[in-house]
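For this chain, numbers begin at 1 and follow the sequence in order. When a ligand or atom number is given, it counts from 1 through the structure's own listing order.
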Amino acid sequence: MTARKITVPAFREAAAAGRKLTMLTAYDHMWAGIMDEAGVDSILVGDSLGMVVQGHATTLPVTLEQMIYHAEMVVRAVRRALVVVDMPFLSFQISPRRAVASAGRILKETGADAVKLEGGAAQADTIRAICAAGIPVMAHVGMRPQAVHQIGGMGRIQRNADDLLADATAAQDAGAFAVVLELVAQAIAADITRSLVIPTIGIGAGPHCTGQVLVGPDMLGLTTDFRPRFLKVFGDLRAAAGQAVREFIREVREGEFPDDAHSHS
Ligand code: KIV
């Protein structure tokens with residue numbers, strides 16, 4: 001039996017019914033399939049792929065074409081989860097008109113369910129314009145990686161309660177169906193979650209958000225260079241993969257592989 005697809009209304013209804021929502025990032029068909037089969041509620045094709053997949057120091061170099069390329073792979077694997085695609089740097093900041101065109105390309109060319117963009121009050125007109133085109137928007141407030149040069153680094157906990165609440169509220173009022181809270185002090189994230197009608201999805205924002213998102217390769221232990229306090233590593237897949245590769249090398253060198261069972265007569 002195929003599980004029922006999680007749509008944007010179903011995502012909001014699940015939150016309203018008190019379910020803690022789960023979201024992970026994935027950037028390709030294989031990992032998206034694993035996460036979808038495991039039952040995650042939503043898969044985010046994050047522009048974190050600039051760092052995790054492409055090896056850049058920030059997310060700024062990621063292009064709209066690259067996001068579409070990765071999102072297509074993810075969508076082909078997903079049967080159930082809500083697929084949300086990040087709008088990369090400069091694909092939405094220039095004008096609401098340009099943002100609608102970028103978001104429209106993402107939905108049209110990938111088959112994803114929604115877009116995510118960084119910003120709250122400053123992007124309210126843009127969120128409103130994209131929503132008016134029938135495209136669901138997840139907002140992202142708190143630490144905004146695309147503003148890395150403005151804020152002077154990626155790891156700073158956001159504690160300005162008034163600004164954070166104003167940003168999240170502006171995003172909700174503009175039509176966002178959910179909002180990511182990144183690196184927000186937990187008491188502030190709890191207040192925002194209580195104040196909003198739409199779900200909050202926290203990353204480094206404590207346990208009181210409606211749901212939680214993590215970068216897939218980080219929580220699987222595939223990456224090694226990023227270990228902030230908020231990150232819980234649920235698996236040690238880098239060690240397991242390294243061990244399998246070392247075993248392959250040894251068996252080939254020692255003439256153990258391929259044996260008869262792995263050879264054709
Ligand atoms: O790009 C990304 O992976 C994200 C998450 C950290 C929320 O925006």
Side-chain angles (χ1 to χ4, degrees), residues 11 21-28 31-32 35 40-64 66-71 73-74 81-93 102-103 106 110 112-120 123 127 137-148 151 153-158 164 167-168 171 176-184 189 192-193 198-206 209-220 222-223 225-233:
F11 189 77
L21 299 170
T22 56
M23 182 183 220
L24 289 171
T25 69
Y27 316 103
D28 66 24
W31 285 110
M35 290 169 183
V40 77
D41 295 312
S42 178
I43 292 181
L44 172 65
V45 186
D47 64 349
S48 51
L49 69 84
M51 301 166 82
V52 178
V53 179
Q54 299 175 334
H56 292 296
T58 72
T59 59
L60 301 190
V62 178
T63 65
L64 183 59
Q66 290 165 350
M67 292 307 302
I68 289 172
Y69 172 74
H70 284 275
M73 295 185 237
V74 166
L82 182 82
V83 179
V84 182
V85 181
D86 250 338
M87 298 191 68
F89 184 54
L90 291 193
S91 70
F92 65 92
Q93 290 95 337
S102 303
I106 291 174
T110 71
D113 301 301
V115 298
K116 172 167 90 56
L117 62 79
E118 290 184 15
Q123 296 301 336
I127 294 171
V137 178
M138 179 177 279
H140 179 152
V141 311
M143 206 282 288
R144 291 176 295 113
Q146 290 176 14
V148 56
I151 57 185
M154 295 252 208
R156 287 164 210 275
I157 311 297
Q158 309 292 298
L164 289 163
D167 272 337
F177 73 92
V179 57
V180 167
L181 303 180
E182 179 160 1
L183 285 187
V184 172
I192 294 174
T193 303
I198 60 173
T200 58
I201 311 295
I203 175 162
C209 296
T210 319
Q212 298 290 327
V213 56
L214 286 176
V215 168
D218 291 340
M219 60 80 71
L220 291 168
L222 285 163
T223 51
D225 48 355
F226 185 67
R227 287 286 180 274
R229 173 183 166 135
F230 72 77
L231 174 63
K232 180 165 179 186
V233 180

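Shown in contact with K116 at under 4.0 Å from a heavy atom are these atoms of ligand 1, numbered in order with element: 4 (C), 8 (O). Listed by number with element, the atoms of ligand 1 under 4.0 Å from a non-hydrogen atom of I203 are 6 (C). Atoms of ligand 1 lying under 4.0 Å from at least one heavy atom of G46, given by number and element, are 1 (O), 2 (C), 3 (O). Within ligand 1, counting atoms from 1 as listed, the ones closer than 4.0 Å to a heavy atom of S48 are 1 (O), 2 (C), 3 (O). Ligand 1 places these atoms under 4.0 Å from at least one heavy atom of T25: 3 (O). Close contacts of ligand 1 with H140, meaning ligand atoms under 4.0 Å from a residue heavy atom, involve 8 (O).
Here the OG1-CG distance, from T59 to D86, works out to 8.0 Å after rounding to the nearest 0.5 Å. Atom CZ of R156 sits about 12.0 Å away from atom CE of M154, to the nearest 0.5 Å. Atom CH2 of W31 and atom CG of L222 lie 5.0 Å apart (nearest 0.5 Å).
Residue E182 places no N or O, backbone or side chain, under 3.5 Å from any N or O of ligand 1. Backbone and side-chain nitrogen or oxygen atoms of D86 are examined, and one is located within less than 3.5 angstrom of a nitrogen or oxygen of ligand 1. Taking distance alone, with nitrogen or oxygen atoms compared against 3.5 Å, Y27 stays at or beyond that limit from ligand 1.
The shortest non-hydrogen separation linking V141 to L164 is CG2-O, 4.5 Å.
Summarising the local packing, CZ of F230 is surrounded by more than 12 heavy atoms from other residues, nucleotides or ligands at distances under 6.0 Å. In this structure, R227 places its CZ atom where more than 12 heavy-atom neighbours from other residues, nucleotides or ligands lie under 6.0 Å away.
Among all protein heavy atoms, the one lying closest to atom 5 (C) of ligand 1 is L44 CD2, 3.7 Å.
At distances below 3.5 Å, not a single donor-acceptor pair connects side-chain atoms of T22 with backbone N or O atoms of V40.
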